[in-house]
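Residue indices begin at 1 and follow the sequence shown. Counting convention: from 1, in listed order, for ligands and their atoms alike.
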Amino acid sequence: MSNKRVGIIGVGNVGATLTYTLALKDICSEILLKDINENLTKAMMLDISQATFVTKQKTKIVATHKSEDFFDCDIVVITAGVPRKPGMSRDNLLNINANIMESIIPDVILYNPSAIIIIVSNPLDAMVYKALEISKLPRNRVIGMAGILDSSRMSHYIYEKLNSKKDEIESFVLGGHGNEMVPLINISKVLNTSINEILSSEDIDSIIEDTKKGGASIVDLLKTGSAYFAPANSTALMIEAILNDTKEIYPCSVLLNKEYGFEDVVAGVPVILGRKGVEEIVEFDLNESQKAQFNSSINAIIELINVLKEKKKKI
Ligand SMILES: NC(=O)c1ccc[n+]([C@@H]2O[C@H](COP(=O)([O-])OP(=O)(O)OC[C@H]3O[C@@H](n4cnc5c(N)ncnc54)[C@H](O)[C@@H]3O)[C@@H](O)[C@H]2O)c1
C-alpha cells in the first residue's frame, strides 16, 4: 500500500463504489470523501470503513465537509453531478454539471495544489474541458475516465458473441464518450487475433451498436440512474496506474494539442498513464473509416464545448 491520499468528490453511486473498490485494493493510505449530502458522505464512510475490517484492509476512509479538510490529495476524482435518467442523453447534463464543476474546482485546486484530477461527471469530454479551463492546470493533470469503460463494454459484447475466455479479449474504444464513440475493430482482439478475422460483419455491427448504447441500456433498465460498477472499476484502474507509475496505455479523455490532427478539444485517445498523469499521448494509425468516425466524434464534442464558450461569453 502506497502512502498516498485519494480524494473523491461526489459519493453517490459511482463515487461510493469507487471508494469501496479502492479500499479493497489497498493501494492508497487514505481516501477522503466529500459530497453536498453530508449524511450520505458519513454513511458511506462508515459502511465502507466497516467493510474493510471484514477482510483487514488498511486504507483509512475519511468523511469531510469543509473544503479545507479535503486537502493534500495526490489524486482527486470528481464524480459529483447528476446522472442520466431514461430518455436523457449525456449531453442533457451539460449546464447543470458545468455549474457543479465551477462550484467545486477552485477549492480543489486551492487545497490540493499537486493533485492530478480525474473527471467522471458527464458529458465527460466537455466536463474535462471545463475543468481544465477553471483549474488552469496543464493537460497532463486533468484526465477524463470513459475509454476504459467503453472498451470494457465492447469486450463484454465480444464475449457474448464468442463465449471465449474473458481475459483473452482486448478492446479499444476512442473518441468522445457519446453516441459517436469509435470502437477500433482491427485493434480489438481475442488471443491476439483481430475480431475482424473471427466474427461476421453482422456480429461486429451488433457489437459496435451495443457498445455505443452500453450506458443507455443500463439507464433504461435501472430507470433511476446510470451504471456504476464498471465506471468505478475503470476509474480505479486509472488511479492504480498513476499511483504505481505503471506507464500502461489506456484510452483516456485529454486535451488534444495537434495529436490526431485536432487542438483545443478534449477526446478519448490512448495515453501512457504514470506518476505525472498523462505522460504521453500515443498516436495509433487510424484507417480512413476510423479517421472519419473520429472526426464526427470530435465535431459532436466541439458542439458541446461551444455551448460552454457561448455561456461564458454571456456572463
Ligand atoms: N465518465 C463515465 O464514463 C461515467 C460513467 C458513469 C457515470 N458518469 C457520470 O458521473 C456522475 C455521477 O454519477 P452517479 O451515478 O454517481 O450519480 P449519483 O447521483 O449517484 O451521485 C452524484 C453525487 O454527486 C453529489 N453532488 C452533486 N452536486 C455536488 C456538489 N456541488 N458537490 C459535491 N457533491 C455533489 C450528489 O449529492 C450525489 O451524491 C454523473 O454525471 C454521471 O453521468 C460518468
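Nearest residue to atom 14 (P) of ligand 1 from Ile9, Asn92, Leu149, Val14 is Val14 (criterion: closest heavy atom). Comparing Thr79, Val82, Ile100, Ile119 against atom 41 (O) of ligand 1, the shortest heavy-atom distance belongs to Val82. Compare Thr17, Asp35, Leu33 by their heavy atoms: the one nearest to atom 23 (C) of ligand 1 is in Asp35. Checking Ala227, Pro83, Ala146, Ala230 against atom 19 (O) of ligand 1, the nearest heavy atom belongs to Pro83.
Every atom of ligand 1 with a heavy atom of Ser103 under 4.0 Å away is listed here by number and element: 31 (N). Atom numbering of ligand 1 starts at 1 in the shown order; those under 4.0 Å from a heavy atom of Leu124 are 1 (N). Interface atoms of ligand 1 facing Asn97, defined by a heavy-atom separation under 4.0 Å, are 41 (O). Heavy-atom proximity to Pro231, at under 4.0 Å, picks out these atoms of ligand 1: 5 (C), 6 (C). Here is the list of ligand 1 atoms found below 4.0 Å of a heavy atom in Leu93: 43 (O). Residue Leu40 approaches ligand 1 through these ligand atoms, each under 4.0 Å from one of its heavy atoms: 39 (O).
Aromatic pair Phe172/Phe284: ring centres closer than 6.0 Å.
The shortest heavy-atom contact between Leu199 and Ile207 is CD1-CD1, 3.5 Å. Residues Asp107 and Asn112 approach most closely at O-ND2, 4.3 Å, considering heavy atoms. Between Pro106 and Met101, the shortest heavy-atom contact is CD-O, 4.2 Å.
The CD1 atom of Ile195 lies 11.0 Å from the NZ atom of Lys189; values are rounded to the nearest 0.5 Å.
In terms of protein heavy atoms, atom 33 (C) of ligand 1 is closest to Ile36 N, 3.4 Å. For atom 20 (O) of ligand 1, the closest non-hydrogen atom on the protein side is Asn13 N, 2.8 Å. Among all non-hydrogen protein atoms, the one lying nearest atom 21 (O) of ligand 1 is Gly12 CA, 3.2 Å. The closest protein non-hydrogen atom to atom 22 (C) of ligand 1 is Gly81 O, 3.2 Å.
Using modelled atom types, one finds a donor on one side chain and an acceptor on the other under 3.5 Å when comparing Thr59 with Asp26. For the residue pair Lys311/Asn99, the side-chain donor-acceptor check at 3.5 Å is satisfied.
Note: an N/O pair closer than 3.5 Å links Val120 and ligand 1 by distance alone. Below 3.5 Å of separation, one finds an N or O of Asn122 facing an N or O of ligand 1. Residue Lys34 has no nitrogen or oxygen atom sitting less than 3.5 Å from a nitrogen or oxygen atom of ligand 1, judged on distance alone.
Contacts between His177 and ligand 1, counted as non-hydrogen atom pairs separated by less than 4.0 Å, involve the side chain only. Contacts of Ala80 with ligand 1, taken as heavy-atom pairs under 4.0 Å, involve both backbone and side chain.
Taking a 4.0 Å cut-off on heavy atoms, Gly225 fails to register as neighbouring ligand 1.
Geometrically, Arg5 does not engage Phe70 in a cation-pi contact, judged by NZ or CZ lying under 6.0 Å from the ring centre and within 45° of the ring axis.
Salt-bridge check for Lys130 with Glu102: passed, with a basic side-chain N closer than 4.0 Å to an acidic carboxylate O. The pair Lys42-Glu38 does not meet the salt-bridge criterion, since no charged nitrogen lies less than 4.0 angstrom from a carboxylate oxygen.
Taking a 6.0 Å sphere around CG of Asn140, one finds it holds more than 12 heavy atoms contributed by other residues, nucleotides or ligands.
Test Ile8, Ile9, Val11 against Asp35 for side-chain contact (heavy atoms from CB on, under 4.5 Å) and you get one pass: Val11.
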